[in-house]
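To start, the structure itself, in structure tokens.
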2 protein chains.
Amino acid sequence: MKNLPTNIRIKDIARLAGVSEGTVDRVLHNRGEVSKRSKEAVSNVLDQIDYSPNVVAQALASKKKYRFVYLIPHNEMGNYWTAVLKGFQLAAAEYAAYNVSFNQVSFNQFDAQSYTQAIQSILQDLPDAAFIAPIFRDETLEFTRALKNSNIPFSFIDSKIDEVDFLTYYGQNSLKSGYIAAKFLLSDLQENKKIFVVRTKRNGAVSNQTLNRLHGFMQYLTENKPAWSKNIIPIELFDDDEAANLQILREATLQYPDLAAVITFNSKVYRLASYFQALNIPNLHVIGYDLLDENVRYLKQGIIALLIAQQPENQAYFSARDMCRFLIFNKKITKVNYMPIDILIKENIDDYQHFL
Amino acid sequence: MKNLPTNIRIKDIARLAGVSEGTVDRVLHNRGEVSKRSKEAVSNVLDQIDYSPNVVAQALASKKKYRFVYLIPHNEMGNYWTAVLKGFQLAAAEYAAYNVSFNQVSFNQFDAQSYTQAIQSILQDLPDAAFIAPIFRDETLEFTRALKNSNIPFSFIDSKIDEVDFLTYYGQNSLKSGYIAAKFLLSDLQENKKIFVVRTKRNGAVSNQTLNRLHGFMQYLTENKPAWSKNIIPIELFDDDEAANLQILREATLQYPDLAAVITFNSKVYRLASYFQALNIPNLHVIGYDLLDENVRYLKQGIIALLIAQQPENQAYFSARDMCRFLIFNKKITKVNYMPIDILIKENIDDYQHFL
DNA sequence: TTAATTTCCGTGTACGCACACAGAAAGTTT
DNA sequence: AAACTTTCTGTGTGCGTACACGGAAATTAA
């Protein structure tokens, strides 16, 4: 592991190659106007030494401004996307010195048309890079095609579409996270106890993420505890009718007095928690996703037993950081990055931070 | 959230205050030779606008070289400290452009004298900052006193000593991590099954970290499952006698045929795993700490059931990063940073990375 | 009032790189 | 061989800050 001081400058290369700094610069940036003779002289030197430009000086000298845009669902106070937003803001602060500016464009995640509109506004004023939460598949395909045509790099966060050539993806392996949820849920449960699997529909749409988690959950079940399948009770709730939901659950708990656990595969477990707090069922394990403030509150109270987290701030931050490393610093980056599947319980929630 | 372009330069302040750039510079850096009149003029402008220096230009102009040194135990191939080392190396690459160079000083973690020696060598050639894994308490106290005298900031990693004024600490809450280990271990265990708690002594020394984890473990037990206490079987192994260890465990397993779980509180679970692989006990839960390659291998094989991790690379990296933010960028930083208590099982180990 | 100090302040240069521009060298046409 | 192109290359300037230096202004001494 060489710790070479990297104090080789363009000036040094010029001297070694017997040409001027300007010529070295032209060779380095491949912008022609160099005789074959000079080019070879410089190349030879470059082959022998290990030159890496001083990024600080580069940033200072370069007038190039980078405009990044991130396309995410509206971040209503405290929902999942608030965390994503925060990650981007942190990256913005970090890379402001490198002439990078960030712009948010958001949409209604339950309305494809608002997504299309958001895309249009981005295409109107082409940025230098884009970060996309590809909630709507077909629209995203079209969008990325347009970006491709304009040679604009883009990254996916949260979920991805494999068919297109994105720069990076940060997100969780949803199937596996459902699988793990099942493992933890079933590990300390007595057999023959009932499990509610709660789904909430809105505009008839269920997100891919949510669906995959459910599949992972069921996969664990069939692979490891096939006998338990009969104990899984699917429950459907409304997105916007608290009273009706409470009634549905009240009836269900009466029908299944041997209820031991409840799981939902989206981030709104706190609503379940509030229902069950009202219904007051002892020793009930409520499990869900993501560290919304409300969820964490119920976790600490012991009403939610376990949360699976995926570091949304870091997804956004790393995504932005990698784009900078790619565009500005010419570094190699990893394309697909699965976030750790973090298991949070009352006892380790306090130490959970994202350290940005 | 203002996204102001921060394009206010010293030159602008000078113009607004009706003085020269040099004067503004003198005021900003508080280095005197400025009349009261001028100083006030500049201060007034500074109060009204929101100036933050261009860190890139600062780094380029500043000839100040920062020499950082990190003091950690020898990183024998693949042990815990290899990961810490890696974190520092990544930080070194990241901050090389800011004239920061890193130097490693290491010692034998089972030999206090080697620690003292290492300290001496550091004090001989004072660095600009130090990172310390304070394995030996008294020696560390003396060391930090010397650093304090020379106005050299330092940070702790892995463990900390509260009495001294360190800059940051990154590490795990060991007590709590033992507590959580107990919770997971006992959740899916049948009552009346035996649990081996394995300790390994070396030179008669047991690390604080390890001890605290054990305490946390026992705390959970007495708080939540007091009846289980009688099932805890303490086992003592040798640090360097594989054959004897195997024999001890062979006898113990014969004596306790209803053995269900084994836990150790240091990172060398892989040795336990290999013993029990040899002894071939079905349905045994082996639990331990840290993601050494060997540990991960056994985890994937299903021989180790659960590992508790603490992101040592990130501890080192963040520690170094914070020092830079403090010394170079004048940013606010958080003093005590507990690392998340990561729960790793076969199913989520593949997605576990540190993203640096 | 002038000379000698001391205090104060503006200008200039450097950091390493990007990029413009003028002018040298080489090649082409008459 | 002169005039004209085209190709090539060195120098110079700017990015925003740090810091040195020389000299102006203010203060004190003569």
Side-chain angles (χ1 to χ4, degrees), chain A residues 4-43 45-46 49-66 95-100 327-330, chain B residues 4-43 45-46 49-66 95-100 327-330:
Chain A
L4 66 165
T6 322
N7 43 13
I8 302 159
R9 298 152 301 172
I10 285 184
K11 186 192 284 195
D12 301 315
I13 300 173
R15 191 171 33 75
L16 289 171
V19 298
S20 75
E21 298 181 40
T23 302
V24 175
D25 179 73
R26 279 180 282 264
V27 172
L28 282 173
H29 293 83
N30 231 19
R31 63 169 109 93
E33 308 200 347
V34 179
S35 67
K36 205 157 55 157
R37 226 177 81 83
S38 302
K39 178 159 185 173
E40 272 172 17
V42 174
S43 298
V45 175
L46 287 176
I49 64 158
D50 186 10
Y51 171 71
S52 62
N54 182 323
V55 290
V56 164
Q58 271 184 324
L60 188 61
S62 168
K63 301 146 191 318
K64 171 109 188 84
K65 308 261 185 261
Y66 295 91
Y95 292 102
Y98 292 93
N99 296 324
V100 183
L327 281 179
I328 306 178
F329 307 130
N330 282 316
Chain B
L4 67 167
T6 323
N7 42 14
I8 302 160
R9 299 153 299 172
I10 286 184
K11 187 191 287 194
D12 300 316
I13 300 174
R15 191 169 33 76
L16 288 171
V19 298
S20 75
E21 299 182 38
T23 302
V24 175
D25 180 73
R26 278 180 282 266
V27 174
L28 281 174
H29 292 83
N30 232 21
R31 67 168 107 93
E33 308 201 348
V34 180
S35 67
K36 205 157 57 156
R37 226 176 80 82
S38 302
K39 179 158 185 174
E40 271 172 17
V42 173
S43 297
V45 175
L46 286 176
I49 64 159
D50 185 12
Y51 172 71
S52 63
N54 182 323
V55 289
V56 165
Q58 272 184 323
L60 186 62
S62 166
K63 301 148 190 324
K64 172 110 188 83
K65 309 261 185 258
Y66 295 92
Y95 292 102
Y98 292 92
N99 296 323
V100 182
L327 282 178
I328 307 178
F329 306 131
N330 282 316

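Each chain gets a letter, A, B and so on, in the order the sequences are listed, and its residues count up from 1.
B:Leu60 contributes atom CG, which lies 6.5 Å from atom CG of A:Asn54 (distance to the nearest 0.5 angstrom). Taking CD1 of B:Ile13 as the reference point, atom CD1 of B:Ile49 lies at 4.0 Å (rounded to 0.5 Å). Of the inter-residue distances, the one linking B:Glu40 atom CD with B:Leu46 atom CG reads 13.0 Å to the nearest 0.5 angstrom.
Computed from coordinates, the B:Tyr98 OH to D:dG16 C1' distance equals 13 Å when rounded to whole Å. Between the C1' atom of D:dG16 and the CG atom of B:Leu28 lies a distance of 12 Å, rounded to the nearest Å. As rounded to whole Å, 13 Å separates atom C1' of D:dC15 from atom CD1 of B:Ile10.
Annotation: side chain of B:Arg15 is not in contact with side chain of B:Lys11 (no heavy-atom distance under 4.5 Å). Side-chain contact between A:Asp12 and A:Tyr51: absent, with no pair of heavy atoms (C-beta onward) separated by less than 4.5 Å. Within the 4.5 Å cutoff, no side-chain heavy atoms of A:Ile328 are placed close to those of A:Val55.
In this structure, B:Asp25 reaches the bases: a heavy-atom distance under 4.0 Å links it to at least one base atom across the strands shown.
Remark: B:Tyr95 pairs with no residue by the ring-ring contact (aromatic ring centres under 6.0 Å, His included) rule, at least two apart or across chains. Here B:Lys65 pairs with nothing under the side chain to side chain donor-acceptor pair (under 3.5 Å) rule; sequence neighbours left out.
For D:dC15, the OP1/OP2 oxygens have no side-chain nitrogen or oxygen of B:Arg9 closer than 4.0 Å. Applying the 4.0 Å criterion to OP1 and OP2 of D:dC19, one finds that B:His29 has every side-chain N and O outside that range.
For the pair A:Ser38 (side chain) and A:Val34 (backbone), a donor-acceptor distance under 3.5 Å is absent.
For the residue pair B:Tyr98 and B:Tyr66, the shortest heavy atom distance occurs at O-CD1, 4.0 Å.
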| Where protein sits on nucleotides 5-14 of chain D, one letter per nucleotide: B base, S sugar-phosphate only, - none, heavy atoms under 4.0 Å | ---SBBB--B

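You can see that DNA chain C meets the heavy atoms of chain B within a 4.0 Å-exclusive cut from C:dC8 to C:dG16, reading 5' to 3'.
Summary of helix geometry: the two end axes of the helix from C:dT1-D:dA30 to C:dT30-D:dA1, each defined by five base pairs via their C1' atoms, are inclined to each other by 60° (rounded to 10°).
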With a 3.5 Å cut-off and sequence neighbours excluded, list the donor-acceptor pairs that the side chains of residues 17-30 of chain B form with protein atoms.
| residue | atom | partner | partner atom | Å |
| --- | --- | --- | --- | --- |
| B:Ser20 | OG | B:Gly22 | N | 3.4 |
| B:Ser20 | OG | B:Thr23 | N | 3.4 |
| B:Ser20 | OG | B:Thr23 | OG1 | 3.3 |
| B:Asp25 | OD1 | B:His29 | ND1 | 3.3 |
| B:Asp25 | OD2 | B:Arg31 | NH1 | 2.8 |
| B:Asp25 | OD2 | B:Arg31 | NH2 | 2.9 |
| B:His29 | ND1 | B:Asp25 | O | 3.0 |

